[in-house]
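Here the structure is a predicted model, which means the values were calculated and not measured.
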Amino acid sequence: MATLTPITLALAALPGALDSISLVLPAAIVWVLFFDPAVIIDEHRVTLIGVVRTVRIPLSRIRLARVRYSFEVVTDADEVFEAWALPRGARMRESIADEAASEVNERIAIAEPSSAPLTRSWNVRSILIVASALAVAAVSLQL
C-alpha cells in the first residue's frame, strides 16, 4: 500500500503525489519494527535479526534458550540475547517462541563442539531502509 499509493497519486496528479510520498517513512518504520526481525535456527547456529543488529550464535556457544518476555538465548559467557521477532505468547499458551526455545535446546544437546565465533553486525538493510525513507520524506516535505 505504501508503495502503490504514491505511484497511483503520481499518475493522477503530481502535487498530490509529493504529499503522499511522506507515507513511505511510517511504512518503512512499521516494516523494520514488525516484519523484518527474524530468528533463524539451522544445524550450526541461531541467527537473531533485530531492528538494528544481527547476532549469529554457534550452537556450541549456547548454554540455554528460554522464553521470558521474548525468546532469549544465553551463551556460555552468560550473555543474553533477546529476539524481537518472537515475543512471549499470551495467557500462558505455548507460542512459537516456546517452540523455538525447545528446538534450540534439543539442538544444543546434540551439537558438536566448535570454535566458531559469535558474531554481531549492524542490520544494514533495516538502517538503509529507514534512512532512505527519511530522505524521501524530507525531500517530499520541501517540495
* What distance do Leu64 atom CG and Thr75 atom OG1 have between them, rounded to the nearest 0.5 Å? -> 10.5 Å

* Report yes if some heavy atom in the side chain of Thr47 is under 4.5 Å from a heavy atom in the side chain of Ile49; otherwise report no. => yes

* Is there a side-chain contact between Pro117 and Arg56 (heavy atoms, below 4.5 Å)? -> no

* Asked: Do Arg120 and Thr54 touch side chain to side chain, with heavy atoms closer than 4.5 Å?
  -> no

* Are the side chains of Asn123 and Arg53 in touch, meaning some heavy atoms are under 4.5 Å apart? -> no

* To do: Carefully, step by step, assess Arg107 and Asp42 under the rule salt bridge (Lys or Arg N to Asp or Glu O under 4.0 Å).
  => CA-CA 9 Å; Arg107 288 181 185 235; Asp42 62 28; 5.9 Å; no

* Out of curiosity, does Phe35 fall in the hydrophobic cluster containing Val130 (side-chain heavy atoms, cut-off under 4.5 Å, transitive links)? -> yes

* Asked: Rounded to the nearest 0.5 Å, how far does CD1 of Ile57 lie from CD1 of Ile41?
  -> 10.5 Å

* Structure fact -> Closest non-hydrogen contact found for Arg88 with Val67 is NH1-O, 3.6 Å

* Which pair of heavy atoms, one from Pro58 and one from Ala116, lies closest together, and at what distance? -> CG-O, 3.2 Å

* Asked: Are the side chains of Leu48 and Trp84 in touch, meaning some heavy atoms are under 4.5 Å apart?
  -> no

* To do: List in chain and number order the residues that pass salt bridge (charged side-chain N to carboxylate O under 4.0 Å, His left out) with Asp98, two or more places apart in sequence or in another chain; answer none if no residue qualifies.
  => none

* To do: Considering non-hydrogen atoms only, spot the tightest contact between Ala97 and Pro87 and give its length.
  => CB-O, 3.6 Å

* Would you indicate whether the side-chain heavy atoms of Leu118 and Val55 approach each other to under 4.5 Å? => yes

* Asked: Are Val46 and Val80 connected, step by step, through hydrophobic side chains (Ile, Leu, Val, Met, Phe, Trp, Tyr) whose heavy atoms are closer than 4.5 Å?
  -> no

* Structure fact -> For Pro37 and Trp31, the nearest pair of non-hydrogen atoms, with its separation, is CD-O, 4.4 Å

* Asked: Checking salt bridge (Lys or Arg N to Asp or Glu O under 4.0 Å) for the pair Arg61/Asp76: CA distance, chi angles, key distance, verdict?
  -> CA-CA 5 Å; Arg61 298 279 316 270; Asp76 55 358; 3.0 Å; yes

* To do: Measure across Ala100 and Leu86 and return the closest heavy-atom pair with its distance rounded to 0.1 Å.
  => CB-CD1, 3.7 Å

* What distance do Glu79 atom CD and Ile62 atom CD1 have between them, rounded to the nearest 0.5 Å? -> 12.0 Å

* Mind checking whether Ser70 and Glu82 have side chains closer than 4.5 Å, heavy atoms only? -> yes

* Asked: In terms of hydrophobic clustering (I, L, V, M, F, W, Y; side-chain heavy atoms under 4.5 Å; direct or indirect links), are Leu59 and Val73 co-clustered?
  -> yes

* **More than 12 heavy atoms from other groups under 6.0 Å of CD1 on Ile96** => no

* Closest approach of Asp36 and Val32, non-hydrogen atoms and distance? -> CB-O, 4.0 Å

* Linking I/L/V/M/F/W/Y whenever their side-chain heavy atoms sit closer than 4.5 Å, directly or via other members, would Val30 and Leu33 fall into one cluster? -> yes

* Tell me whether Ile108 is reachable from Phe81 by hopping between hydrophobic residues (I, L, V, M, F, W, Y) whose side-chain heavy atoms are closer than 4.5 Å. => yes

* Interatomic spacing from CD in Glu43 to CD in Glu112 - rounded to 0.5 Å -> 11.5 Å

